4 protein chains.
Amino acid sequence: MATPSTPAPRSAPNPDRRSERARQAILDAALELCGEQLYAGLTMEGIAKRAGVGKQTIYRWWPSKAAILLEAIEERGRSTLDFPDTGNLEADLRTQMTQVAQAFASPLFAAYSKGLIAAAQSDPDIAKAVVDSIIKPRVDLCIERLTKAQSAGELREDIDLADLVELLYAPLYYRLLLHTRPVTQSQVDTILNLALTGATK
Amino acid sequence: MATPSTPAPRSAPNPDRRSERARQAILDAALELCGEQLYAGLTMEGIAKRAGVGKQTIYRWWPSKAAILLEAIEERGRSTLDFPDTGNLEADLRTQMTQVAQAFASPLFAAYSKGLIAAAQSDPDIAKAVVDSIIKPRVDLCIERLTKAQSAGELREDIDLADLVELLYAPLYYRLLLHTRPVTQSQVDTILNLALTGATK
Amino acid sequence: MATPSTPAPRSAPNPDRRSERARQAILDAALELCGEQLYAGLTMEGIAKRAGVGKQTIYRWWPSKAAILLEAIEERGRSTLDFPDTGNLEADLRTQMTQVAQAFASPLFAAYSKGLIAAAQSDPDIAKAVVDSIIKPRVDLCIERLTKAQSAGELREDIDLADLVELLYAPLYYRLLLHTRPVTQSQVDTILNLALTGATK
Amino acid sequence: MATPSTPAPRSAPNPDRRSERARQAILDAALELCGEQLYAGLTMEGIAKRAGVGKQTIYRWWPSKAAILLEAIEERGRSTLDFPDTGNLEADLRTQMTQVAQAFASPLFAAYSKGLIAAAQSDPDIAKAVVDSIIKPRVDLCIERLTKAQSAGELREDIDLADLVELLYAPLYYRLLLHTRPVTQSQVDTILNLALTGATK
DNA sequence: GAGTAATCGAGACGGTACGTCCCGTCTTGTT
DNA sequence: AACAAGACGGGACGTACCGTCTCGATTACTC
């Protein structure tokens, strides 16, 4: 008496019945708590209590607290997903990089970026998810813009644009994660100056 | 005849009586365990058991497991504290950056570097210690070498050398921490090519 | 329709959700361990491990290991809560005191009685609980029997019966706790002989 | 090359070289601490610190903290080692028992009596030492006095005097250890009244 | 009176248990 | 069926003491 039409054995929750109220409350609570204390102080129990939610409800939908933050950033940070194209490459890069620098300089955004990246060091799944859903889309948009510039003869033809993206953005992450100096507007200017023109005479 | 070097600070353990055997066993155990599992799986109890040491002995001398790793790296990694000077700037940079890249590619070193930086995201003390005792000394050596080059007219005079160091090394950290691509020799070549010559035509 | 029996006191665990399995396992483990080693060797961790229970589950319901033993005795020893009344006072006392003497002579019962009383010396809460839930009920039953006897003219009317109870039972505790001589049947006989008749000619 | 004239292998400390200053400081500290907090709060480290003494010095001369208390009581409490003999048995008993009752009512003495007896429940050595050095000598003196009275025809000849001593003193210990009611002068009167005359009409 | 050996103060050591926090699972009504 | 609530078995935390062990720095006997 096989009933292949009723698949669910027991373990897959039905997303249709999911409570949006609970979902939002959890995302909010996670971001709030991450802002109030450092990422390491973030706990599932803390999120559940703040959100007024049972722990099971969290575990039903997310595999880890990093996954919650990830979803929160994905949802809340969708606005930064665009890349200007005014025709002036350097200006466009400056605009976009400044936007990133400002985000990194904001305590809240910095808090959960750092938390997420810290979590990624111990969890390959998180690492992959961060790259795929946060980093990659933005890198791709940047490459797209650079490709146009390269076609227009504004950039050397022998360079890999993914490498250039790294060269431009890595210093921002460097300061964010290594806490050597704060991420500022002037850093963006300096990076562009050096990376585009080169350090040698 | 009061000597200004009054020794005892205040109810702190006496370093003269410290057991070097225990200290080495703890550093060894921490590195071994960090290599076997990810940093997040590292526990004080695990280190104590592996080292055959009481937990109090660890807490007496280190405030956190990150501090243990830090000391281990400081001690074991002292050899990398030098910067070549053959007269050829680009070659010297390539030599040194390659060394760093190789370290980042080694599973053990990567494990505790990543662990340490992850911990720094949630603990300003760790962050400061990482910068002061690991990053800063090496950056300073690099700046020293770059200063010579700048004086010799090999580099533009209008650039801040600390910024240049960031531009060169940040992409290595970027890949290490963001797990986009592996850190390789060819990355070093690419960085040098781009950073020294510039991306524009 | 507000009911005056407002249930939740304040952030206390909910007894309705309590696991009876865990409770019994903990009581059993505590008694077993107390029988195997002396009370001083009894540890919360040992009980938890033996019972296959998390430590928190113990701390959630009992404030100390003495409280566990107390509950175990209360529950297991409920059968001894009765006092014979055959009409013959001396015989009834002998019956009841013999029962107590036998219990004191049993290694297991002696172990936790002694442990509990020892703990009471350093913890007023335990002391109060021992008196209220173990001693008092049994003393009251004895006083009740003695009251009948006094009314029947079998005892002097000028004596306080609580004092008489003390005189009868104290020597049993004396030997139990001071380890001078074992508690035996003949001790009971001697006490009754002396206490009822008097030592003087 | 046997040198039987130099016996000491390594383990027996030489009492001649013992520091009386340290010994007194340790006894004082133990009594003080036992008075300030309950016996369970008494620690070897606490005693050592309070006495300004190394822990080794304690362990060299005493096997346990109970042994320290025992020695302290033996030394300080020697004064109570005497028994009056005015010719009036009941008066003499009252005098001596009152003295004991007063000691039990004193917080300090009660504290370490209770501590010592508590410790005896978990350590047969302590139990034996308490009986031999504290209880027995005093019981013997009492028996001695009672023997005289029995010979003088003041007591029944068929009674064991050790049993009578128990009957008289046990109720004092009962209240001391079970914390039912305080030990008072009137309790002494009651005990004597009941024990000497008997409870029956 | 100098040499020497044991005791002293101090406290670091390898351990055990403490009581707490949080994990991820489970169970019990409620909606 | 998903929800809020929270008890459960478990593991690690950081602390307090245990009893042992090494250190110099006094002693106090021996030669």
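Quick caveat, the model's predicted, so the values are computed rather than measured. In what follows, every heavy atom counts, from backbone to side chain, and hydrogens, waters and symmetry copies are set aside.
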For [N], take OP1 and OP2 only and decide whether either is under 4.0 Å from a side-chain N or O of [X].
{"X": "B/Trp62", "N": "F/dG14", "value": "no"}
{"X": "D/Arg23", "N": "E/dC8", "value": "no"}
{"X": "B/Thr57", "N": "E/dG14", "value": "yes"}

Pairs where residues 33-53 of chain B contributes a residue and the test salt bridge (charged side-chain N to carboxylate O under 4.0 Å, His left out) is met, not counting sequence neighbours:
B/Glu32-B/Arg50, B/Glu36-B/Arg50, B/Glu45-B/Lys55
Could I get the full list of side-chain hydrogen bond (donor to acceptor under 3.5 Å, both in side chains) partners for [X], not counting sequence neighbours?
{"X": "B/Asn14", "value": "none"}
{"X": "D/Asp125", "value": "none"}
{"X": "A/Lys128", "value": "A/Asp132"}

Look at the side chain of B/Arg60 and decide which nucleotide, out of E/dA12, E/dG24, F/dC8, has an atom nearest to it.
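Nucleotide nearest to B/Arg60's side chain: E/dA12.
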For DNA chain F, the residues among [range] that have a non-hydrogen atom under 4.0 Å from it:
{"range": "residues 64-71 of chain A", "answer": "none"}
{"range": "residues 36-53 of chain B", "answer": "B/Thr43, B/Met44, B/Glu45"}
{"range": "residues 117-125 of chain A", "answer": "none"}

Spell out protein contact along nucleotides 23-31 of chain F as letters: B when the base is contacted, S when just the sugar-phosphate is, - when no protein heavy atom is under 4.0 Å; keep the 5' to 3' order.
B--------
With sequence neighbours excluded, tell me which residues meet side chain to side chain contact (heavy atoms under 4.5 Å, CB included) with D/Ala51.
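D/Ala25, D/Ile26, D/Ala29, D/Val53.
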Going by the rule side chain to side chain contact (heavy atoms under 4.5 Å, CB included), which residues pair with D/Ala72 if we only count those two or more places apart in sequence or in a different chain?
D/Leu27, D/Leu31
Identify every side-chain donor-acceptor pair in residues 56-70 of chain D under 3.5 Å, counting partners at least two apart or on other chains, and give the distances.
unit_1  : atom_1 : unit_2  : atom_2 : d
D/Trp62 : NE1    : D/Glu71 : OE1    : 2.8
D/Ser64 : OG     : D/Ala67 : N      : 3.2
D/Lys65 : NZ     : D/Leu42 : O      : 2.8

Donor-acceptor pair (no angle test) under 3.5 Å: A/Lys55 side chain, F/dG6 base
no
